[in-house]
Structure formats: structure tokens, C-alpha cells
Amino acid sequence: MKHFLDINKTEVADLRGMIDSAKAMKNARNGRPKGALDDDLPLKDHMVALIFEKPSTRTRVSFDVGVRQMGGQTMVLSGSELQLGHGETVADTAKVLSRYVDLIMIRTFEEATLLEMAENATVPVINGLTNRTHPCQIMADILTFEERNGPIAGKKVVWSGDGNNVFASFAHAAGQFGFDLTFTGPQTLDPEAVFIEEARAKGVKVEIERDPVKAVQGADLVVTDTWVSMHDAVSTRERRHNQLRPYQVNEELMRHAADDALFMHCLPAHRNEEATDAVMDGPASVIFDEAENRLHAQKAVMKWCLS
Ligand code: CP
């Protein structure tokens, strides 16, 4: 069973194959209408369940469109509409859904839910975000970086802000794709140490630097994300904002990065909080390429899962 649960749980050759496949599928569409079918239809006659226990714009639409372009059909299910949200176990849900569909994508809160779904499903399961990781986003980000600036191996990526689930998948990717990663943010919002230790064990440089200006020196890619994630308590908002304000990505901070540095944000953004309009809409920004590339990267992930 080829589940796509996390970047660190997927073989490097398979990850590289997915990025290459995404590039090829994107190029092959060659400007055709977004509703048109691909030439190759690996999801023909396949039904895909897209389960959302949290809100989504990009993940929901890009998976839905991607399945259709590859000849499949989708059903979008919200957690609260399923019996899953009313006491049915994850295991029973996984076994039942596997009798109806060929592939399951789930966005959920706890990583344990994703893992239980994968353990009990008899069809591939894809991680569409948990509180802990967001691997599909980072596959799109690798594709986006390489389209613009070539291979990401050996480059310096700097994350400024909260050490959240998107950072965690960047750390997984650092180890697998071979790039250096610096986290800059307040100590109270440090990522889990295991993400950093695991990447270091794979031979890449992963650093924590409290000074954002020092951190960004020579960076090839600067990344940030919202200061309050979907799973964070609203009551933490003011404290987080006070702690994270020095880590805002603005034009002054970007001046310390490499001349051809890119800026990424997975979106949705709170403009002029974690990043200014001038950066979000500036020449280094590739935020809408990232959003588009969710479609192409996830098509490659789904194709791999079913291959
Ligand atoms: N970046 C991302 O996952 O966006 P959505 O929450 O809109 O799916």
C-alpha cells in the first residue's frame, strides 16, 4: 500500500520521481482549459474521497480539480457530516470507505487520526494536513523553487516565525532533498526537536538563530506562515503576535537574503502581520505559483499512490 503520510516516510527516489512527474504533467497541459482532461488518465474509473475536518481553500480545490483532470471522480466530505464526527471510530470509517473508494485524502487535527486511517484502510491514504505536518504543501514548494531557481539541494532555506506543521514538513524535506534549513523565531515557538535532529542525522545543516537578520543572511529562500494556526487557541493570539512581531518578513529583512532569493507563504496569509504587502506582492514572491503547484504536485502524489 503506497500511502503518502509524510515526506520523511517516503523514499527519496520516490519523492524525486513525484517532483519530476509533477513538472512533466504541468508542462503537458500546455495552457489547455483547467477543466480539460490530461492526455494520460491514471485515475480513470477511480473514486477519491476528500475528507476535511478543518477549513481549506487550496487543498480542497486543487485535489478536486487534480482528480478530475486525471479522469477520476471525487466526493468531498466534511468531518461533521460523517459519522466519524459523531462517534464512529476512525478504523471502522477507514474500512467502510475502502469498500467504496480507491483513494482517501484526509485533512484532520491529530496525527493519530491520519495514522489510524492509514493502518485500517485497504486503499492509499494521503495526508492533507494534520496539526503536526503538511507534506503536500512542501512538495508543491520544492516544485516551485526548482522551477524558478534550479535544484534545491545545497541551498539555504530560512523559516521565520512559528515552528508549526508547515515548518515540520520543511524539516523533513531538508533531510530528503538535501538543503540547509534555519529556523528563526522565539524559543517558546520552537519546532519539536525531533524534526531538527532527524534532518541533521541525514547530514544537512539545520540551525536555530534567534536574530532574524543573522538568520536570513545569504538565504536562497525565505518562508513564513500565519502566526496563529488553525489548531492554536484563539486566546494565544495576542501573546503570539507580541512574540512574533520581530520575525515579520518585510523588505528590510529580505535585503539580507541572496539577490535571487525567493519568498514563500503557503497561504492563507494575514497580510502585514507575518509578511508585508511589499514582500507578498514583490519580485521575490512566488506565493501564487506555490498555490498553483499544489495541483500539479498532488496529481503526482496521487499517481504515485495508485501506481
Ligand atoms: N496552504 C493550504 O493548505 O491552504 P488551505 O488551508 O486553503 O488548504
Side-chain angles (χ1 to χ4, degrees), residues 4 6-7 10 12 14-36 38-40 42-43 48 50 56-70 72 74 105 107 126-129 133-153 155 157 159 165-170 172-174 176-177 179 181 220-226 260-269 275 279-305:
F4 185 72
D6 269 317
I7 288 175
T10 310
V12 173
D14 288 338
L15 294 168
R16 175 47 60 193
M18 285 183 239
I19 297 292
D20 293 345
S21 161
K23 283 179 193 166
M25 283 195 282
K26 181 176 181 179
N27 291 337
R29 287 195 65 80
N30 201 19
R32 71 181 70 177
K34 295 174 183 68
D38 288 347
D39 294 329
D40 183 26
L43 266 66
V48 180
L50 306 173
S56 170
T57 297
R58 279 143 289 269
T59 307
R60 178 179 169 147
V61 177
S62 57
F63 264 106
D64 201 339
V65 171
V67 171
R68 292 166 195 240
Q69 288 182 351
M70 293 196 292
T74 59
M105 190 289 306
R107 165 169 287 197
I126 295 175
N127 176 359
L129 179 145
T133 59
H134 195 3
C136 289
Q137 179 65 53
I138 306 313
M139 293 298 281
D141 293 352
I142 301 291
L143 173 61
T144 305
F145 184 91
E146 295 198 339
E147 276 179 341
R148 292 284 184 131
N149 284 2
I152 197 162
K155 300 290 186 186
V157 176
W159 178 279
N165 50 357
V166 184
F167 172 85
S169 287
F170 256 111
H172 284 161
Q176 299 291 66
F177 287 93
F179 58 84
L181 181 62
D220 298 295
L221 170 62
V222 180
V223 194
T224 191
D225 194 5
T226 181
D260 65 346
L262 300 178
F263 168 75
M264 289 191 187
H265 188 309
C266 66
L267 305 177
V279 170
M280 300 269 299
D281 301 324
S285 176
V286 288
I287 58 175
F288 298 114
D289 289 348
E290 286 179 86
E292 179 187 340
N293 283 337
R294 292 292 303 276
L295 169 68
H296 308 295
Q298 290 158 189
K299 284 171 69 178
V301 170
M302 289 188 280
K303 189 174 172 182
W304 172 81
C305 284

Enquirer: If every non-hydrogen atom of Pro135 is compared with every non-hydrogen atom of Ser169, which pair is closest and at what distance?
Expert: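 For Pro135 versus Ser169, the nearest heavy atoms are N-OG, 3.3 Å.
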
Enquirer: When you measure from the side chain of Arg107 to the backbone N and O of Gly128, does any donor-acceptor pair fall under 3.5 Å?
Expert: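 Checking the backbone N and O of Gly128 against the side chain of Arg107, a donor-acceptor pair under 3.5 Å is found.
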
Enquirer: Taking side-chain hydrogen bond (donor to acceptor under 3.5 Å, both in side chains) as the test, write out the residues that go with Asp40, two or more places apart.
Expert: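 If we apply the side-chain hydrogen bond (donor to acceptor under 3.5 Å, both in side chains) test to Asp40, skipping adjacent residues, the hits are Lys303.
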
Enquirer: Within a reach of under 6.0 Å around CZ of Arg60, are more than 12 heavy atoms found that belong to other residues, nucleotides or ligands?
Expert: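 Counting other residues, nucleotides and ligands, CZ of Arg60 stays at 12 neighbours or fewer.
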
Enquirer: With sequence neighbours excluded, tell me which residues meet side-chain contact (heavy atoms from CB on, under 4.5 Å) with Cys136.
Expert: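 By the side-chain contact (heavy atoms from CB on, under 4.5 Å) rule, Cys136 matches Phe4, Phe63, Ile126, Arg294, Gln298.
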
Enquirer: Can you name the residues that form a salt bridge (charged side-chain N to carboxylate O under 4.0 Å, His left out) with Lys155, not counting sequence neighbours?
Expert: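 Here no residue qualifies.
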
Enquirer: Test of understanding: with side-chain hydrogen bond (donor to acceptor under 3.5 Å, both in side chains), list the residues that count as partners of Asp225, not counting sequence neighbours.
Expert: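 In terms of side-chain hydrogen bond (donor to acceptor under 3.5 Å, both in side chains), with neighbours along the sequence ignored, Asp225 is linked to Asn164.
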
Enquirer: Who passes side-chain hydrogen bond (donor to acceptor under 3.5 Å, both in side chains) against Glu292, sequence neighbours left out?
Expert: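 Counting only residues at least two positions away or on another chain, Glu292 forms a side-chain hydrogen bond (donor to acceptor under 3.5 Å, both in side chains) with His296.
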
Enquirer: Provide the closest heavy-atom pair for Leu295 versus Ser62 in the form atom of the first, atom of the second, distance.
Expert: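 The pair with the smallest heavy-atom distance is CD1-O, 3.4 Å.
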
Enquirer: Is a side-chain N or O of Glu290 found less than 3.5 angstrom from the main chain of Ala140, in a donor-acceptor match?
Expert: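 The answer is no, because no donor-acceptor pair under 3.5 Å joins these two groups.
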
Enquirer: Can you name the residues that form a side-chain hydrogen bond (donor to acceptor under 3.5 Å, both in side chains) with His134, not counting sequence neighbours?
Expert: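 Not a single residue meets the side-chain hydrogen bond (donor to acceptor under 3.5 Å, both in side chains) criterion with His134.
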
Enquirer: Sequence neighbours excluded, which residues qualify as salt bridge (charged side-chain N to carboxylate O under 4.0 Å, His left out) partners of Arg58?
Expert: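 None.
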
Enquirer: Under the side-chain contact (heavy atoms from CB on, under 4.5 Å) test, which residues partner Ala173, sequence neighbours left out?
Expert: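 Testing Ala173 for side-chain contact (heavy atoms from CB on, under 4.5 Å), a comparison that skips the adjacent residues, returns Ile7, Ile138, Ile142, Phe177, Phe179.
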
Enquirer: Quick one: closest heavy-atom pair of Ala275 and Met280, and the distance?
Expert: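 Minimum heavy-atom separation between Ala275 and Met280: CB-SD, 3.8 Å.
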
Enquirer: Of all residues at least two apart in sequence or in a different chain, which pass the side-chain contact (heavy atoms from CB on, under 4.5 Å) check with Ser285?
Expert: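 Ser285: side-chain contact (heavy atoms from CB on, under 4.5 Å) contacts with Phe263, Ile287.
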
Enquirer: Are the side chain of Gln176 and the backbone N or O of Thr10 linked by a donor-acceptor pair below 3.5 Å?
Expert: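 Answer holds: yes.
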
Enquirer: Could you go step by step and tell me if Phe145 and Val286 meet the side chain to side chain contact (heavy atoms under 4.5 Å, CB included) rule?
Expert: CA-CA 9 Å; Phe145 184 91; Val286 288; over 6 Å; no

Enquirer: Run the salt bridge (charged side-chain N to carboxylate O under 4.0 Å, His left out) test against Arg68 and tell me which residues pass, sequence neighbours left out.
Expert: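 Applying salt bridge (charged side-chain N to carboxylate O under 4.0 Å, His left out) to Arg68 gives Asp64.
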
Enquirer: Once salt bridge (charged side-chain N to carboxylate O under 4.0 Å, His left out) is applied, do any residues pair with Asp6, and if so which ones, sequence neighbours excluded?
Expert: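 Salt bridge (charged side-chain N to carboxylate O under 4.0 Å, His left out) list for Asp6, sorted by chain: empty.
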
Enquirer: Might you point out which heavy atoms bring Asn149 and Asp260 nearest each other, and give the distance in Å?
Expert: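 Taking every non-hydrogen atom into account, ND2-O, 2.9 Å.
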
Enquirer: Mind checking what makes side-chain contact (heavy atoms from CB on, under 4.5 Å) contact with Ala300, not counting sequence neighbours?
Expert: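 For Ala300 the side-chain contact (heavy atoms from CB on, under 4.5 Å) partners, ignoring immediate neighbours, are Met18, Ser21, Ala22, Met25.
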
